[in-house]
**Q** 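The following block contains the structure, expressed as structure tokens.
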Amino acid sequence: MCGIFGVTGDSRTTELLIKGLKRMEYRGYDSSGICLVNGKRLIRKRAVGPLSNLEPLVEDLPNSECGIAHTRWATHGAPTKENAHPHFSKDSKIAVVHNGIIENEVELRKKIKLLDDGIAFESETDSELIAHLLLIEFENSEIDIKNAKEEEILSCWKLVLDKLEGSFALAVVINGRNDFILFARKFAPLIISHDGERGILASDVSCVVGLTEEVFYLNEGDWGILTNSEVQIFNVDGEFVEAEAKKLEWKLGEAELGGYPTFMLKEIYEQPRVVRDCLRGRLSRDKIKGFSIPFNPRLLRIVGCGTAYNAGLLARYYIEQLSKIPVILDHAHEFRYGAPSGPKSLVIGISQSGETADTLAAIEAAQERGYPTLGIVNVESSTIARNVDSLLGIRAGPEIGVASTKAFTGQVLGGLLVAMKLGQLSKTFHREDLSYFDRHARMLPTSMERMLNDQNIKTKLWEAQQYFIDKNHAFFLGRNTSYPIALEGALKLKEISYIHAEGYAGGELKHGPLALVEEGTPIIVIASEGSSHKKLLGNAREVAARGAKVIFITHQEDDLADSHADLVIKVPRTHDLLQPLLYNIICQLLSLNIAEERGCNVDRPRNLAKSVTVE
Ligand code: AGP
């Protein structure tokens with residue numbers, strides 16, 4: 001979604017705002033803008049398209065000590081300069097940036113029109129209304145904005161916030177007042193940092209890394225004022241909040257490219273480190289440690305979206321296989337509006353960002369029904385991470401590329417840890433099983449590193465890539481634990497190369513999808529174990545008989561696949577439960593190569609944003 005950023009108390013405001021936008025561009029990138037508080041008027045610059053279109057416009061701006069900025073993923077109104085944030089009140093003396101959706105926009109627009117018939121809305125956005133509403137409150141209270149006391153301004157701000165329905169992370173600056181920024185958060189993330197001289201606010205931690213050591217993570221409904229000397233936070237009831245700053249979980253550099261051409265490539269290559277970090281301290285000789293299972297469930301439910309959902313599907317296989325406990329998997333957006341019933345279940349929410357609106361709402365729906373919740377989350381300071389009853393942080397580090405890669409590996413390992421812990425509780429996963437798994441898990445990072453640097457695999461990937469030239473449709477097939485990899489592989493390809501790729505369970509082909517297979521259709525078959533593997537070999541034959549170009553991804557000990565495919569890519573052999581992770585990395589690399597061949601921006605694919613913080 002959108003990203004907001006604000007700085008007060010620093011003469012390098014323009015430079016810091018642009019730096020912050022660069023760090024947040026993955027949240028939304030169809031337009032951007034900044035607004036500086038400077039002397040007689042607010043200085044606003046906005047541009048459509050990538051941030052590089054805005055930068056030339058801010059090169060020679062006058063110095064300012066206070067400003068706000070925004071990078072947009074359009075929800076209300078096309079990506080045009082008029083719809084780009086910041087938005088002004090009608091007298092251009094108030095500027096607002098907003099992430100979220102104001103759901104009572106129509107009613108508010110009418111109310112403003114009634115109060116001020118002459119008003120001309122500059123944009124199609126819901127966000128602009130907030131600036132008008134604040135001006136109306138200032139006029140009604142007859143305060144002199146330039147000299148008003150903070151409490152007078154705060155009471156007007158609260159009156160505006162009480163009128164808003166929906167989700168919002170907000171920052172507001174006022175002409176002639178370069179000593180503060182007003183802020184608020186409701187169902188959209190916002191963090192604040194203050195070092196006694198400089199205040200910063202941002203949509204997420206990745207843009208304050210290197211600027212500060214600790215931050216205040218605002219809670220739902222928090223609002224207040226960030227001045228050059230302090231931050232005052234109030235809760236939804238207007239009570240002052242004694243907030244406690246938390247140390248930043250990430251270091252400078254982790255959110256930077258570090259010499260890689262794209263974040264996606266960097267994050268693919270970080271996966272060996274993710275395996276080490278995610279499992280560190282969590283596997284002992286006879287125990288799975290580092291997180292708690294709130295109770296001994298007889299039924300589990302898993303909720304997530306996109307890649308997190310695909311990781312949840314693999315977790316379902318693992319949990320049912322290792323603990324024999326049944327699992328129901330739902331897309332979070334379905335679960336939240338469904339009527340989850342049945343026996344008291346443990347609900348597992350999987351999310352990289354920990355801010356996905358649907359997953360957050362699904363977890364809240366579960367808690368309203370008295371179901372205990374466990375979060376498998378990457379950003380441990382996120383809203384989901386702070387709301388669940390128990391947290392399993394996957395320690396993947398900042399994932400900037402919009403297409404999730406290393407987080408999937410962490411989410412799957414998180415699901416495996418839960419499965420093994422539940423298996424121990426159910427006495428169906430024994431000490432020898434754990435030690436056998438542990439031995440392979442310790443070798444997995446090295447196997448991954450070997451595979452990532454294997455020249456033969458790189459050559460095979462290049463050959464596989466040729467099958468996709470001038471193709472706009474593709475299939476990924478898997479069975480059992482490789483079916484989630486088929487779904488994830490298809491998601492990766494479609495979201496960064498814009499090829500229409502579908503992931504199917506091999507057994508589903510004959511029930512319809514086979515009709516789409518024609519001469520030259522690229523089909524990626526992902527190996528599985530046992531009888532499922534043999535069935536996939538049969539699927540490969542089926543689609544080849546109809547002219548498909550079959551790429552088979554399997555392990556080095558498989559000597560059957562060679563006679564069943566046009567191209568076979570073999571990865572190192574590891575534990576059955578870990579093998580899908582290696583297959584998935586091949587799918588990630590293949591999608592990346594194909595997308596780049598097609599000239600796509602793999603870090604910022606069209607129409608997408610990294611964290612879907614609105615419905
Ligand atoms: C994955 O490549 C996508 N960018 C997207 O499906 C993502 O996984 C989904 O939006 C869930 O995000 P979350 O893990 O932050 O909740």
Side-chain angles (χ1 to χ4, degrees), residues 1 3 26-29 73 187-189 203-206 262-265 267-268 271 274 302-315 329-336 348-364 373 375-385 387-388 391-394 396-415 476 484-485 487-498 501 503 584-585 587-589 591-592 595 600-615:
M1 295 341 281
Y26 71 94
R27 297 178 62 88
Y29 29 83
W73 185 82
F187 302 137
S203 289
D204 69 36
V205 288
S206 64
T262 60
F263 280 108
M264 185 172 177
L265 186 64
E267 288 151 11
I268 289 173
Q271 291 177 102
V274 171
I302 299 178
V303 295
C305 300
T307 285
Y309 173 88
N310 296 337
L313 180 56
L314 195 45
L329 170 71
D330 286 293
H331 282 102
H333 38 80
E334 292 298 310
F335 181 93
R336 70 179 287 190
I348 299 176
I350 302 179
S351 175
Q352 186 285 127
S353 63
E355 299 296 350
T356 297
D358 286 318
T359 309
L360 179 60
I363 288 165
E364 284 165 356
T373 54
I376 296 180
V377 181
N378 188 31
V379 183
E380 297 188 31
S381 56
S382 63
T383 308
I384 290 176
N387 286 7
V388 289
L391 175 65
L392 201 180
I394 65 170
E399 186 177 72
I400 307 297
V402 166
S404 192
T405 50
K406 63 177 182 174
F408 178 81
T409 292
Q411 289 162 352
V412 168
L413 289 171
F476 288 72
I485 306 304
L487 293 178
E488 177 59 11
L491 174 62
K492 224 44 57 198
L493 184 62
K494 71 177 119 200
E495 67 177 323
I496 61 173
S497 74
Y498 315 143
N584 186 54
I585 290 177
C587 294
Q588 292 169 350
L589 289 168
S591 298
L592 174 63
C600 299
N601 181 332
V602 296
D603 281 345
R604 295 197 295 275
R606 70 185 181 198
N607 307 340
L608 299 182
K610 181 62 183 172
S611 178
V612 185
T613 57
V614 290
E615 280 191 69

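Just so it is clear, the structure is predicted and the values come from calculations on it, not from any experiment. Both ligands and their constituent atoms are indexed starting at 1 by order of listing.
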**Q** For ligand 1, does Lys492 get within less than 4.0 Å through its side chain, its backbone, both, or neither, judged by non-hydrogen atoms?
**A**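 Under 4.0 Å from ligand 1, Lys492 contributes side-chain atoms alone.
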**Q** In the protein, what heavy atom is nearest to atom 15 (O) of ligand 1, and what distance, to one decimal place, separates them?
**A**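 Atom 15 (O) of ligand 1 sits closest to the protein heavy atom Ser353 OG, 2.7 Å.
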**Q** Quick one: CD1 on Ile268 to CG on Leu592, what's the gap to the nearest 0.5 Å?
**A**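 With rounding to 0.5 Å, CD1 (Ile268) is 5.0 Å from CG (Leu592).
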**Q** Is the side chain of Thr356 donor-acceptor paired with the backbone N or O of Thr359 at a distance under 3.5 Å, no angle test?
**A**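 Here the side-chain-to-backbone pair does not exist.
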**Q** Return a yes/no value for Ser351: is any of its N or O atoms, backbone included, closer than 3.5 angstrom to an N or O of ligand 1?
**A**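 By distance alone, the answer is yes.
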**Q** So how far is it from Leu493 CG to Tyr498 OH, rounded to the nearest 0.5 Å?
**A**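 If I round to the nearest 0.5 Å, the distance is 11.5 Å.
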**Q** In the protein, which heavy atom is nearest to atom 4 (N) of ligand 1, and how far is it?
**A**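 Here the closest protein heavy atom is Val402 O, 2.7 Å.
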**Q** Short question: side chain of Glu355, backbone of Ser382 - any donor-acceptor pair under 3.5 Å?
**A**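 Pair absent, no side-chain N/O of Glu355 close to backbone of Ser382.
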**Q** Check each heavy atom of Glu495 against ligand 1 and say whether those closer than 4.0 Å belong to the side chain, the backbone, both or neither.
**A**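 Looking at Glu495 and ligand 1, just side chain atoms fall under 4.0 Å.
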**Q** Can you tell which of Cys305, Ala332, Gly306, Gly354 gets a heavy atom nearest to atom 11 (C) of ligand 1?
**A**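 When every heavy atom of Cys305, Ala332, Gly306, Gly354 is considered, Cys305 comes closest to atom 11 (C) of ligand 1.
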**Q** For Gly397, is there any backbone N or O sitting under 3.5 Å from a side-chain donor or acceptor partner on Asn378?
**A**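 Such a contact is found between Asn378 side chain and Gly397 backbone.
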**Q** Among all protein heavy atoms, pick out the one at the shortest distance from atom 14 (O) of ligand 1; state its residue, atom name and that distance to 0.1 Å.
**A**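 So the nearest neighbour among protein heavy atoms is Gln352 N, 2.7 Å.
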**Q** Using a 3.5 Å distance criterion without hydrogens, assess whether the side chain of Gln352 forms a donor-acceptor pair with backbone atoms of Val377.
**A**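 Answer holds: no.
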**Q** Within ligand 1, which atoms have a heavy atom of Ala403 less than 4.0 Å away?
**A**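 Every atom of ligand 1 under 4.0 Å from some heavy atom of Ala403: 2 (O).
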**Q** Could you work out, with ring pair (Phe, Tyr, Trp, His ring centres under 6.0 Å) as the rule, every residue matching His331, not counting sequence neighbours?
**A**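 Result, ring pair (Phe, Tyr, Trp, His ring centres under 6.0 Å) vs His331: Tyr309, His333.
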**Q** With sequence neighbours excluded, what pairs up with Lys492 under the salt bridge (charged side-chain N to carboxylate O under 4.0 Å, His left out) test?
**A**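 With neighbours one apart ignored, the set is Glu488, Glu495.
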**Q** Judged by atom type as modelled, is there a donor-acceptor pair below 3.5 Å linking the side chain of Asp603 to the main-chain atoms of Ile400?
**A**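 Not a single qualifying donor-acceptor pair exists.
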**Q** Looking at Ser404, which atoms of ligand 1 are within less than 4.0 Å of one of its heavy atoms?
**A**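 Listed by number with element, the hits are 1 (C), 2 (O).
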**Q** Do me a favour and list the nearest non-hydrogen protein atom to atom 12 (O) of ligand 1 with residue, atom name and distance?
**A**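 Going by distance alone, atom 12 (O) of ligand 1 is nearest to Thr356 OG1, 3.4 Å.
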**Q** Measure the distance from atom 5 (C) of ligand 1 to every protein heavy atom, then report the residue, atom name and distance (to 0.1 Å) of the closest one.
**A**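 So the nearest neighbour among protein heavy atoms is Thr307 N, 4.3 Å.
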**Q** Identify, for atom 10 (O) of ligand 1, the protein heavy atom at the shortest distance, and state residue, atom and that distance.
**A**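 Looking at atom 10 (O) of ligand 1, the protein heavy atom closest to it is Val612 CG2, 4.0 Å.
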**Q** Does any N/O atom on Thr359 come nearer than 3.5 Å to any N/O atom on ligand 1?
**A**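 Looking only at distances, the answer is no, because the N/O contact criterion of under 3.5 Å is not met.
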